[in-house]
Each structure stands twice: as structure tokens, then as C-alpha cells.
Amino acid sequence: MNIRLYLWQRGTAMLLVPMILVHLAVIFYATSQNLTADAILSRTRGSVTWGLFYGIFVLLAAIHASIGVRNILQEWGRLRDRTAGQLAVLFGVLLLVLGLRAVAAVVMP
């Protein structure tokens, strides 16, 4: 693995950890309060804060996961660096598009 990708993956991991903890806390709160999907959506619709939080979460997760997939493709799939990189970028873009679409569905009025 090259050092630049190593640092990017570790950096995204460091940023994702507190975001994951917040995400889990929100899930715990929602389930402990027996909130329905409608109740949750009524709280998140139009929220710039939640939109930014989860938008950044999705971006970081897409970067982090695509670097990991690239490494797996190289090490286990024995793909060349360029091929693994191209497939990883496609995977990352797919994750980003799907994730941002989900964020938009939850926060857009």
C-alpha cells in the first residue's frame, strides 16, 4: 500500500470513529424512546445539521471503504495496481451516490 492511501485511510478512520459513536447514540435514543419512522423523519426533515453530519459521514465512509477494497483486490484478487484502483474508485463513487441519496431522502423536505 502506498503511504498516501495509508494516511488517507487512517485519517478517515479517526474521523469516522466519533461519528459512528454519535450515530449509535442516536439509534439507541430512537429505539429507547420507541420512535416510529414517521417521528424520526419529522425530526430530520429540513435539518441542515443532520444533512451535513450524515453527508460528511457518507463521504468519509466511501473514501475509507474504497481504499480498503483496493487493498483487498490487490492482495487477494491479485489485480494490478491500476485495475484495482479503477474498480475501487467505481465502488467508492457507488457508495457515495447511494449514501448521499439516502441522506437526501431523510433530510430533504
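When reading the values below, keep in mind they use all heavy atoms of this one structure, side chains included, and skip hydrogens, waters and symmetry mates.
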Residues which pass side-chain contact (heavy atoms from CB on, under 4.5 Å) with [X], listed by chain and number, not counting sequence neighbours:
X	result
Arg4	Asn2, Trp8
Leu94	Leu98
Leu15	Leu60
Leu100	Val58, Leu96

The criterion is ring pair (Phe, Tyr, Trp, His ring centres under 6.0 Å); which residues satisfy it with Trp50, sequence neighbours excluded?
Phe53, Tyr54
For residues 93-103, pull every pair meeting side chain to side chain donor-acceptor pair (under 3.5 Å), keeping only residues two or more places apart or in separate chains.
none
Side chain to side chain donor-acceptor pair (under 3.5 Å) partners of residues 56-67, not counting sequence neighbours, each pair once:
Thr12-His64
Under the side-chain hydrogen bond (donor to acceptor under 3.5 Å, both in side chains) rule, collect the residues that match up with Thr44, sequence neighbours excluded.
none
[X] and [Y]: same hydrophobic cluster, using ILVMFWY side-chain contacts below 4.5 Å?
X	Y	answer
Leu24	Val26	yes
Leu41	Met108	no
Leu16	Val22	yes

Salt bridge (Lys or Arg N to Asp or Glu O under 4.0 Å) contacts touching residues 36-58 (sequence neighbours left out)
none
I'd like to check Asn71 versus Gln9 (side-chain heavy atoms, cut-off strictly below 4.5 Å). Are they in contact?
yes
Can you find a pair of side-chain heavy atoms, one from Phe57 and one from Ile20, that are under 4.5 Å apart?
yes
Considering non-hydrogen atoms only, spot the tightest contact between Leu95 and Ala65 and give its length.
CD1-CB, 3.7 Å
Val103 to Gly51 - nearest heavy-atom pair and separation
CG1-O, 3.8 Å
Just list the side-chain donor-acceptor pairs under 3.5 Å for residues 28-35, sequence neighbours left out, or say none.
unit_1, atom_1, unit_2, atom_2, d
Thr31, OG1, Ile27, O, 3.0
Thr31, OG1, Phe28, O, 3.0
Ser32, OG, Phe28, O, 3.2
Ser32, OG, Tyr29, O, 2.9

Could you list the donor-acceptor pairs under 3.5 angstrom formed between side-chain atoms of residues 80-93 and any protein atom two or more places apart in sequence or on another chain?
unit_1, atom_1, unit_2, atom_2, d
Asp81, OD1, Arg70, NH2, 2.1
Asp81, OD1, Gln74, NE2, 2.8

Between CD1 on residue Ile67 and CG on residue Leu7, distance to nearest 0.5 Å:
9.5 Å
